[in-house]
Amino acid sequence: MKVLPRSFFARDALDVAPDLLQKIVEAGRCEGRIVEVEAYRGREDPGSHGFRGPTPRTEVMFGPPGHLYVYFTYGMHWCANVVCGRDGECSAVLLRAAAPVAGLELMRSRRPAARRDRDLCSGPAKLCQALAIDGVLDGIDVCAADSPVRFLDDGVAPPDDPGCSTRIGLSAGADLPWRFTVADDPNLSRS
DNA sequence: ACCGGGATGTTCT
DNA sequence: GAACATCCCGGTG
């Protein structure tokens, strides 16, 4: 189990996203295996929060890679991205779903609405709720050894042929096929 | 199974 | 004032 280095994230989000599949995300004393992500590329991507340039909310996305961009949406949900690319660019990968791996009792207590374990992390806001990720963690460096959110490689390779489809929940940029999945995994946000 | 609507508040126009 | 990278619940079939 080694922490993914900054060089892993210092690439185009479209390259990082599929490589992140099957990696472990660790936070809130729980672990999940990433099975669904989406790539966002700021200035050329109408679906990105950074499309119209930096704002107080999105400034982290324009900073150096390996930091967490956490945003609040629909009045009640948190969603988490990892910033990719180079400092000054705007690219990130949204964590959309994971397979629960460790700390399942804690996840269940944080997600009382989940009827089955496959519902614990099967969506970007569910994942954050299960792993206790919220705005307090916005901007943290996930490459630091003592980071409260870490990405780990335990030797499981990403899929040779990941699922690829359009991103979910967007109006602008909805046509771009920048969603990547572990095909047919039961923990996906949808098929 | 599928679908429709409500919750709830920050952000940007 | 509208939009929002969502989720949950209660309806119907």
Side-chain angles (χ1 to χ4, degrees), chain A residues 9 12-14 16-18 20-21 25 27-28 30 32 34-63 65 67-85 89-100 107-139 142 149 151 162-182 184 186-191:
Chain A
F9 300 106
D12 192 301
L14 282 176
V16 176
L20 219 37
L21 295 173
V25 55
C30 296
I34 298 169
V35 298
E36 177 180 347
V37 294
E38 284 175 358
Y40 287 86
R41 291 199 298 183
R43 308 310 295 265
E44 53 184 294
D45 175 5
S48 169
H49 290 167
F51 182 57
R52 297 171 194 283
T55 66
R57 172 212 196 192
T58 62
E59 62 179 350
V60 172
M61 286 183 88
F62 289 82
H67 290 253
L68 209 62
Y69 165 51
V70 183
Y71 69 92
F72 188 64
T73 192
Y74 288 103
M76 61 190 91
H77 299 305
W78 296 101
C79 297
N81 300 250
V82 199
V83 177
C84 298
E89 295 176 356
C90 178
S91 90
V93 172
L94 170 68
L95 306 177
R96 283 200 59 92
M107 292 189 190
R108 293 183 192 114
S109 71
R110 289 169 177 153
R111 291 204 24 78
R115 303 182 122 275
R116 320 189 285 306
D117 285 349
R118 66 209 279 182
D119 296 321
L120 289 172
C121 304
S122 59
K126 297 178 190 177
L127 186 155
C128 284
Q129 193 175 14
L131 298 183
I133 295 173
D134 65 15
V136 172
L137 301 176
D138 185 38
V142 301
V149 179
F151 292 87
C164 181
S165 66
T166 55
R167 297 174 295 182
I168 292 177
L170 304 194
S171 50
D175 51 321
L176 299 170
W178 289 358
R179 171 178 180 246
F180 301 93
T181 61
V182 174
D184 300 322
N187 300 278
L188 296 181
S189 66
R190 56 170 95 169
S191 50

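Residue numbers start from 1 in every chain, and the chains themselves are labelled A, B, ... in the order their sequence lines are given, proteins ahead of strands.
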Results of salt bridge (Lys or Arg N to Asp or Glu O under 4.0 Å) for [X] - residues two or more places apart only:
X        : result
A:Arg179 : A:Glu36
A:Arg108 : A:Glu105, A:Asp117
A:Asp119 : A:Arg116

(request) Would you check if A:Cys30 and A:Arg110 make a side-chain contact, meaning some heavy-atom pair closer than 4.5 Å? (result) yes

(message) List the residues meeting ring-ring contact (aromatic ring centres under 6.0 Å, His included) with A:Phe180, not counting sequence neighbours, and say none if there are none.
(response) none

(request) State which residues pass ring-ring contact (aromatic ring centres under 6.0 Å, His included) with A:Tyr71; sequence neighbours excluded, sorted by chain then number. (result) A:His49, A:Tyr69

(request) Only counting residues at least two apart or in another chain, list the ones meeting side-chain hydrogen bond (donor to acceptor under 3.5 Å, both in side chains) with A:Asn81. (result) none

(request) Can you sort out the partners of A:Ser122 under side-chain hydrogen bond (donor to acceptor under 3.5 Å, both in side chains), two or more places apart, ordered by chain and number? (result) A:Lys126

(request) For DNA chain B, produce a single dot-bracket line, 5' to 3'. Pairs: Watson-Crick or G-U wobble, both distances under 3.5 Å. Symbols: ( ) within strand, [ ] crossing, | other strand, . unpaired. (result) |||||||.||||.

(request) With sequence neighbours excluded, give me every side-chain hydrogen bond (donor to acceptor under 3.5 Å, both in side chains) pair touching residues 53-63 of chain A. (result)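 Those involving residues 53-63 of chain A are A:Thr55-A:Thr58.
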
(request) Encode nucleotides 3-10 of chain C as B, S and - characters from 5' to 3', where the letter depends on protein heavy atoms closer than 4.0 Å: B to the base, S only to sugar-phosphate, - to neither. (result) -BBBSS--

(request) On DNA chain B, reading 5' to 3', which nucleotide is the first and which the last to sit with an atom under 4.0 Å from a heavy atom of chain A, could you check? (result)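 Result: B:dA7 to B:dT13.
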
(message) Enumerate the salt bridge (charged side-chain N to carboxylate O under 4.0 Å, His left out) contacts for residues 166-176 of chain A, please, sequence neighbours excluded, ordered by first and then second residue.
(response)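 Those involving residues 166-176 of chain A are A:Asp45-A:Arg167.
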
